[in-house]
Amino acid sequence: MYKNTKETKEYLRELRTKLPMLPGDLELFVIPSFTSLEGARRELLESNITLGAQNMCWEEKGAYTGEISPLMLKETGVTLVEIGHSERRHILGETDEQENKKVLCAMRNQLKALLCIGETKQDKEEGKSDQVLACQLIKGLHGIEESQVTELWIAYEPVWAIGENGKPPELEYVKERHNEIRKVLCSLFGNKGNEVPILYGGSVNRGNAEDLIKIEEVNGLFIGRSAWNAAEFKVIIESVYKCWKTKNEKKQIL
């Protein structure tokens with residue numbers, strides 16, 4: 001809840017100018033506020049940048065005052081919906097069951113679902129991180145068929161690592177959590193679970209982005225305030241893409 005429509009359009013215009021051609025194997029997405037979506041769509045015409053929304057109701061229509069329908073989102077050109085962000089869960093009280101209804105609704109309406117999961121500082125200190133993440137995945141993805149996983153992304157965001165006072169976790173910690181997330185996805189969807197991209201988010205910045213993308217099970221990055229400046233974001237995108245290409249080329253050689 002930072003950039004208004006004018007600021008969003010200016011930001012996207014600058015980002016497109018600095019990144020006129022994106023590689024075909026890189027997907028860049030932006031998730032502006034609801035009121036900025038139509039302006040963002042117009043700014044992204046003839047661009048291959050994906051437009052997403054920060055939230056969505058689990059019903060197409062009805063008496064849900066103040067909510068946003070997936071049908072309304074599709075009118076603005078949205079193809080991706082963020083579901084279950086930490087702030088939605090811990091400030092606004094959303095539950096795993098509600099996130100599950102939103103994931104199912106997104107897929108019914110041909111929208112890609114970006115399900116956010118993450119443990120609190122207390123969960124971490126009590127050694128319950130993996131159990132909490134597994135529970136959020138199992139409940140949040142209940143009823144999803146194997147054939148639908150191509151429309152699913154997971155964003156792992158440790159609650160204690162995001163926000164103005166957040167501190168990024170050690171790389172080994174990120175690696176361990178992503179490996180555990182992958183195990184749960186494969187337990188739910190078999191080999192198809194390996195096809196679900198797992199993004200890392202949580203105090204990602206210019207200084208740690210390259211090291212994070214080098215981790216085997218980190219398939220992408222979910223960047224917050226470090227992406228607010230288009231010039232800074234461009235540098236991060238280019239350096240991360242270069243590291244990701246190197247990682248995958250080495251994998252193919254091996």
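In this text the structure is predicted, and so the values were computed from the model without any measurement.
Put simply, the side chain of Ser69 never gets that close to the backbone of Lys61: no donor and acceptor are under 3.5 Å apart. Listed for the Ser33 side chain is no donor-acceptor partner under 3.5 Å among the backbone atoms of Asn4. Judged by distance alone, the side chain of Asn100 and the main-chain N or O of Asp96 form no donor-acceptor pair under 3.5 Å. With Gln54 contributing its side chain and Ile31 its backbone, the two residues share a donor-acceptor pair below 3.5 Å. In this structure, Asn179 contributes its side chain and Glu216 its backbone to no donor-acceptor pair below 3.5 Å. Put simply, the side chain of Asn109 never gets that close to the backbone of Leu111: no donor and acceptor are under 3.5 Å apart.
The distance from atom NE2 of His85 to atom CG of Leu114, rounded to the nearest 0.5 Å, is 9.5 Å. Put simply, CG on Leu171 and CG on Asn208 are 7.5 Å apart, with the number rounded to the nearest 0.5 Å. Separation of atoms OH (Tyr11) and NZ (Lys3) is listed at 7.0 Å; rounding is to 0.5 Å. Atom CD1 of Ile237 and atom CG of Leu22 lie 7.0 Å apart (nearest 0.5 Å). From Thr246, atom OG1 reaches atom CD of Glu210 across 9.5 Å, with rounding to the nearest 0.5 Å. With rounding to the nearest 0.5 angstrom, the OG1 atom of Thr17 is 8.5 Å from the CG atom of Leu15.
Both Val78 and Leu28 are part of a single hydrophobic cluster, where members link through side-chain heavy atoms under 4.5 Å apart.
Between Val235 and Lys18 the shortest side-chain heavy-atom distance does not fall below 4.5 Å. Looking only at side-chain heavy atoms (C-beta outward), Phe34 and Asn55 come within less than 4.5 Å of each other. Using a 4.5 Å heavy-atom threshold, the side chains of Ser239 and Lys242 count as separate. Residues Ser129 and Arg177 are in side-chain contact: their nearest non-hydrogen atoms beyond the backbone lie under 4.5 Å apart.
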Take Ile198 and Leu185 through the side-chain contact (heavy atoms from CB on, under 4.5 Å) test and state the conclusion after the steps.
CA-CA 10 Å; Ile198 307 173; Leu185 291 172; 4.0 Å; yes
Test Lys6 against Glu10 for salt bridge (Lys or Arg N to Asp or Glu O under 4.0 Å), laying out the working first.
CA-CA 6 Å; Lys6 179 176 179 291; Glu10 290 173 348; 2.7 Å; yes
Let's go through Ile83 and Arg88 carefully: what are the C-alpha distance in whole Å and the side-chain angles of both, what is the deciding distance for side-chain contact (heavy atoms from CB on, under 4.5 Å) to 0.1 Å, and is it a yes or a no?
CA-CA 8 Å; Ile83 296 169; Arg88 302 294 312 176; over 6 Å; no
Verdict with supporting geometry, Ile181 and Glu217, side-chain contact (heavy atoms from CB on, under 4.5 Å):
CA-CA 9 Å; Ile181 292 169; Glu217 288 294 356; over 6 Å; no
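A cation-pi arrangement, defined by a distance under 6.0 Å to the six-membered ring centre and an angle within 45 degrees of its axis, is absent between Lys112 and Phe29.
One finds a salt bridge joining Lys234 and Glu238 here, because a Lys/Arg side-chain nitrogen approaches an Asp/Glu carboxylate oxygen to under 4.0 Å. With respect to Arg206 and Glu232, a salt bridge is recorded, a charged nitrogen being found less than 4.0 Å from a carboxylate O. A salt bridge links Glu38 to Arg42: at least one charged side-chain nitrogen sits closer than 4.0 Å to a carboxylate oxygen. Salt-bridge annotation for Glu43 and Lys9: absent, with no side-chain N of the basic residue lying under 4.0 Å from a carboxylate O of the acidic one.
Within 6.0 Å of atom NE2 in His142, 12 or fewer heavy atoms from other residues, nucleotides or ligands are found, so the atom counts as exposed in its surroundings. The environment of CD in Glu170 is sparse: at most 12 heavy-atom neighbours from other residues, nucleotides or ligands sit within 6.0 Å.
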Expected list for residues 148-155: side-chain donor-acceptor pairs under 3.5 angstrom, two or more places apart:
from   : atom 1 : to     : atom 2 : distance (Å)
Gln148 : OE1    : Glu145 : N      : 2.8

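Residues forming a side chain to side chain donor-acceptor pair (under 3.5 Å) with Trp160 (at least two apart in sequence, or on another chain): Glu119.
Applying the side chain to side chain donor-acceptor pair (under 3.5 Å) test to pairs two or more places apart or on separate chains, those with a residue in residues 183-201 are Glu180-Lys183. Residue pairs meeting the side chain to side chain donor-acceptor pair (under 3.5 Å) criterion with at least one partner in residues 219-228, sequence neighbours excluded, are Arg182-Asn219. Under the side chain to side chain donor-acceptor pair (under 3.5 Å) criterion, no residue pair touches residues 131-141, with sequence neighbours excluded. Contacts classified as salt bridge (charged side-chain N to carboxylate O under 4.0 Å, His left out) and involving residues 66-82 (residues at least two apart or in different chains) are not found.
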